[in-house]
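As the structure is a computational prediction, the values presented were derived from the model and not from experiment. Each chain gets a letter, A, B and so on, in the order its sequence line appears, and its residues count up from 1.
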2 protein chains.
Amino acid sequence: MRVVQQPERDQFDLAAVLYALSDPTRLELVRRLAQDGERACGTFDVCATKATLSHHFKVLREAGLIHTRAEGVYRFISLRRRDLDARFPGLLKAVLKAAGAPGR
Amino acid sequence: MRVVQQPERDQFDLAAVLYALSDPTRLELVRRLAQDGERACGTFDVCATKATLSHHFKVLREAGLIHTRAEGVYRFISLRRRDLDARFPGLLKAVLKAAGAPGR
DNA sequence: CCAGTTGTTTGAAATTTATCAAACAATGCA
DNA sequence: TGCATTGTTTGATAAATTTCAAACAACTGG
């Protein structure tokens with residue numbers, strides 16, 4: 001069985017989190033996740049191939065920003081809000097606000 | 001006279017700000033600026049040559065994070081706290097807190 | 001078992017980035 | 001004027017990143 005690369009909340013690295021958020025596409029993905037909640041990979045209508053999307057989700061996952069749940073053929077992705085807030089209080093909220101997302 | 005590349009606060013780009021902050025060295029520079037206030041370039045004892053430091057300051061400056069004031073041979077650098085807070089409320093504070101800086 | 005769907009991984013190309021040494025510019029001091 | 005100091009710019013190199021197509025893997029329905 002494959003182990004998903006996903007750090008514990010204690011091991012989040014601030015620079016890695018900021019880096020993951022610093023790409024416009026990834027920032028948009030996070031914004032949508034915050035807005036609409038858990039979604040399957042394919043439901044983000046972003047202008048990129050599935051390979052590119054998969055890459056971006058990997059970056060977000062390894063930074064600790066998202067969690068992936070497998071269900072059948074789908075991968076449902078969600079924001080790790082609780083863990084992020086615990087480790088970096090106020091950070092996600094400020095970023096989402098700055099990104100133009102509606103409040104929590 | 002040379003125009004300093006430094007965006008108006010209205011033109012700050014979130015992704016660029018997050019990117020500038022996503023490098024460990026730059027994050028440390030910002031942390032010290034927040035802690036100690038305005039400083040000359042040479043007074044940051046970071047492990048990098050002056051050319052590399054100059055590069056990092058350029059990235060921070062172009063993202064709108066810092067302001068540079070020339071005085072004699074020195075360049076005094078300061079955080080653009082007011083502008084950042086106006087444009088991205090809570091962001092800098094959350095980042096500094098996450099980076100282990102003392103509160104404002 | 002086969003075919004279709006969803007997503008990941010691999011390989012490759014183009015771009016960007018970090019880093020340093022060396023040359024350069026600007027300032028101030030003697 | 002000559003020289004030391006501070007910082008920027010340039011040129012080069014190594015490493016990382018983004019992106020896509022193609023191959024692959026896993027699951028579902030028939």
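- Comparing C:dT8, D:dT17, C:dG7 against the side chain of A:Y19 picks out D:dT17 as the nearest.
- Contact detail for B:L96 and B:A34: the closest heavy-atom pair is CD1-CB, 3.5 Å.
- Summarising the geometry, the separation between CZ on B:R26 and P on C:dT17 is reported as 9 Å, rounded to the nearest angstrom.
- For A:T49, the side-chain atoms get nearest to D:dA21 when compared with the rest of C:dG7, D:dA21, C:dT8.
- Nucleotide C:dG7 holds its C1' atom 10 Å from the CZ atom of A:R61, rounded to whole Å.
- Between the CD1 atom of A:I77 and the P atom of C:dT6 there is a distance of 14 Å, given to the nearest Å.
- Listed candidates were D:dT9, D:dA22, D:dT19. Nearest to the side chain of A:A51 is D:dA22.
- What separates CD of B:E71 from C1' of D:dT5 is a distance of 15 Å, to the nearest Å.
- Between A:F12 and A:R80, some side-chain heavy-atom pair lies under the 4.5 Å cut-off.
- With D:dG7, C:dG7, D:dA26 as the candidates, the nucleotide lying closest to the side chain of B:K50 is D:dG7.
- B:R32 and B:D45 are joined by a salt bridge, as a carboxylate oxygen and a charged side-chain nitrogen come within less than 4.0 angstrom of each other.
- Using a 4.0 Å heavy-atom cutoff across all strands shown, B:H56 reaches sugar-phosphate atoms only and no base atom.
- Taking atom CZ of B:R39 as the reference point, atom C1' of D:dG7 lies 16 Å away to the nearest angstrom.
- Residue-level contact check: A:A70 touches neither bases nor backbone, having no heavy atom under 4.0 Å from any strand.
- As a whole-Å value, the separation of A:F44 CZ from C:dT6 P is 15 Å.
- Protein atom CZ of B:R69 is 20 Å distant from nucleotide atom P of C:dA26, rounded to whole Å.
- Under a 3.5 Å cut-off, the side chain of B:R26 and the backbone N or O of B:L21 do not form any donor-acceptor pair.
- Picking from D:dG7, D:dT18, C:dT19 the nucleotide with the shortest atom distance to the side chain of B:H55 gives C:dT19.
- Cation-pi geometry between B:R39 and B:F44 is met: under 6.0 angstrom from the ring centre, within 45 degrees of the axis.
- Rounded to a whole Å, the CG atom of A:L29 is 12 Å from the P atom of D:dT18.
- If you find the closest nucleotide of DNA chain D to B:T52 and to A:V59, the one lying nearer the 5' end belongs to B:T52.
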